[in-house]
Chemist: 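I am attaching a structure below and will ask some questions about it afterwards.
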Amino acid sequence: PIVVCHFGDEISERNKQFFHKHIEDLSFLDLSQVLFPSYHLPVFDGYAAPRSREDGYMVKILAIRAAPFKEMVFMDVDSFAIQSPRLLFDEPGYLEHGSMFWPDIWRGRTELWNFFNIEDQSPWYERGDLGVWRDKVNQFQSDAGWDIEKLKSVKVPARQAEAGQFLLNREKHWDVLEWLLFINMHHNITYNVPGTLGDKDTFRVAFALAGKKDDFVQVDKGPLGAFVDHWKHGDNEVRTAAIYDCF
């Protein structure tokens, strides 16, 4: 079954009819009509609709919290699956830990770990400084390309999450969902912490705050991996992406 989450009148009745005509077992969920626990901050603090990009990030968390599923695949509207997402539920990492995330290209450090006093669990602090890592990597580049074997030996910072798509066992990780809602409803504070861009890295932090750091599973390959043959392109952006995917 598929649920399309929206806030208020984001989707017209005409478009809803189109979806129903072409997709079986689909329903719509208006998040502006969902009652969230009163111990959390009010949703949008009484406003009728999202007012900013930051509020838009929050809608994702509201959708996850209100989803009528025990287990779910979340997909942003700009995510496109090239095979059935149903297959992902059988992945060993997901079956063991109840989550599966994909990495972003960035390895930037977020200070949310310090902010919540869990810096000793931060993957960025464990795996080295970003600037030093770049210097180490550059020495393995030449006109002939990259020395992949030497690159694999470099200790690098962890990659941030690309949270446009992920799997989550909501029943197993209800406590993580509570932390997610708490962090993102306080977005006027948490989104202003250095290195934080919306909700993307609040997932890893929420797992840590729930005492489940090891249940945050992030695969090695980024979500764009199927579309790009990194080694056949000469532009710097794609070649850089190839380096990120080595780890």
Side-chain angles (χ1 to χ4, degrees), residues 1-8 10-11 19 23-34 36 40 43 50 53-106 159-185 187 190-191 196-210 212 215-227:
I2 300 170
V3 171
V4 177
C5 295
H6 61 100
F7 199 95
E10 288 182 313
I11 301 179
F19 274 103
I23 302 176
E24 295 182 359
D25 207 359
L26 178 143
S27 59
F28 291 88
L29 178 60
D30 183 354
L31 296 170
S32 69
Q33 302 301 311
V34 176
F36 289 91
H40 283 293
V43 175
R53 182 183 185 189
E54 285 72 24
D55 284 351
Y57 290 130
M58 292 164 62
V59 170
K60 177 193 295 187
I61 309 304
L62 301 180
I64 301 164
R65 180 61 167 69
F69 302 119
K70 172 184 174 181
E71 301 177 81
M72 57 173 284
V73 176
F74 175 88
M75 295 178 66
D76 269 347
V77 293
D78 58 353
S79 296
F80 299 90
I82 59 175
Q83 60 180 335
S84 173
R86 186 189 305 266
L87 302 172
L88 297 171
F89 287 114
D90 296 323
E91 287 292 322
Y94 172 75
L95 290 173
E96 180 179 357
H97 297 283
S99 79
M100 181 182 291
F101 291 80
W102 278 260
D104 207 335
I105 193 172
W106 318 116
R159 290 169 64 176
Q160 291 177 298
E162 206 301 302
Q165 56 287 309
F166 56 85
L167 279 74
L168 187 68
N169 185 320
R170 296 174 66 255
E171 183 177 64
K172 182 175 183 177
H173 296 307
W174 191 254
D175 49 352
V176 175
L177 285 173
E178 287 292 290
W179 278 112
L180 268 175
L181 196 58
F182 173 79
I183 296 169
N184 286 272
M185 292 304 291
H187 70 98
T190 55
Y191 289 5
T196 305
L197 178 59
D199 64 281
K200 61 194 301 295
D201 289 303
T202 64
F203 292 88
R204 194 193 298 258
V205 172
F207 271 88
L209 289 170
K212 294 180 171 180
D215 281 329
F216 179 88
V217 175
Q218 184 165 288
V219 301
D220 294 329
K221 285 288 184 182
L224 286 177
F227 294 95

Chemist: Judged by atom type as modelled, is there a donor-acceptor pair below 3.5 Å linking the side chain of Lys200 to the main-chain atoms of Glu162?
Modeler: no
Chemist: For Pro85 and Met75, work out which heavy atoms get closest and say how close.
Modeler: CG-SD, 4.5 Å
Chemist: Just by modelled atom types, is the Arg65 backbone N or O under 3.5 Å from a matching donor or acceptor in the Arg170 side chain?
Modeler: yes
Chemist: For Gly93 and Val217, work out which heavy atoms get closest and say how close.
Modeler: O-CG2, 4.1 Å
Chemist: Measure the NE2-CG distance between His173 and Leu180 for me, rounded to the nearest 0.5 Å.
Modeler: 11.0 Å
Chemist: Would you name the heavy atoms of Phe7 and Glu10 that are closest together and state the gap between them?
Modeler: N-OE1, 2.7 Å
Chemist: Between Leu95 and Phe89, which heavy-atom pair has the shortest distance, and what is it?
Modeler: CD2-O, 3.2 Å
Chemist: Show your working on side chain to side chain contact (heavy atoms under 4.5 Å, CB included) between Thr196 and Thr190 and close with a plain yes or no.
Modeler: CA-CA 8 Å; Thr196 305; Thr190 55; 5.7 Å; no
Chemist: Using only atom types and a distance under 3.5 Å, with no angle test, would you say the side chain of Lys60 pairs donor to acceptor with the backbone of Ala163?
Modeler: yes
Chemist: Under the side chain to side chain contact (heavy atoms under 4.5 Å, CB included) rule, what do Lys212 and Asp175 come out as? Steps first, then yes or no, please.
Modeler: CA-CA 10 Å; Lys212 294 180 171 180; Asp175 49 352; 3.0 Å; yes
Chemist: Could you check whether any side-chain heavy atom of Phe203 comes within less than 4.5 Å of a side-chain heavy atom of Val176, counting everything from C-beta outward?
Modeler: no
Chemist: Looking only at non-hydrogen atoms, find the nearest pair between Glu96 and Lys172 and report the distance.
Modeler: O-NZ, 2.9 Å
Chemist: Check the pair Lys70 / Asn169 against side chain to side chain contact (heavy atoms under 4.5 Å, CB included), numbers first and verdict last.
Modeler: CA-CA 6 Å; Lys70 172 184 174 181; Asn169 185 320; 4.3 Å; yes
Chemist: Roughly how far, to the nearest 0.5 Å, is CE of Met58 from CD1 of Ile183?
Modeler: 12.5 Å
Chemist: Rounded to the nearest 0.5 Å, how far does CD1 of Ile61 lie from CG of Leu177?
Modeler: 8.5 Å
Chemist: Output the distance between atom OG (Ser99) and atom CG (Asp215), rounded to the nearest 0.5 Å.
Modeler: 6.5 Å
Chemist: Does some side-chain heavy atom of Val205 sit less than 4.5 Å from a side-chain heavy atom of Trp179?
Modeler: no
Chemist: Could you tell me whether the side chain of Met185 reaches within less than 4.5 Å of the side chain of Leu62, counting heavy atoms only?
Modeler: yes
Chemist: Minimum heavy-atom separation for Ile11 and Val4, please, with both atom names.
Modeler: CD1-CG1, 3.7 Å
Chemist: For a side chain to side chain donor-acceptor pair (under 3.5 Å) check, start with the C-alpha distance between Asn184 and Tyr191, then their side-chain angles and the critical distance, and finish with the verdict.
Modeler: CA-CA 8 Å; Asn184 286 272; Tyr191 289 5; 2.5 Å; yes
Chemist: Is the Phe216 to Phe101 ring centre distance short of 6.0 Å?
Modeler: yes
Chemist: Around atom CZ of Phe69, are there more than 12 heavy atoms from other residues, nucleotides or ligands closer than 6.0 Å?
Modeler: yes
Chemist: Nearest 0.5 Å, please: how far is OG1 in Thr202 from NE2 in His187?
Modeler: 12.5 Å
Chemist: So do Val219 and Pro103 actually touch side chain to side chain, heavy atoms under 4.5 Å?
Modeler: yes
Chemist: Just how far is it from atom NE2 of His6 to atom CG of Leu31, taken to the nearest 0.5 Å?
Modeler: 7.5 Å
Chemist: For Gly8, is there any backbone N or O sitting under 3.5 Å from a side-chain donor or acceptor partner on Asp30?
Modeler: yes
Chemist: Would you say the side-chain atoms of Asp201 and Gln160 include a donor-acceptor pair closer than 3.5 Å?
Modeler: yes
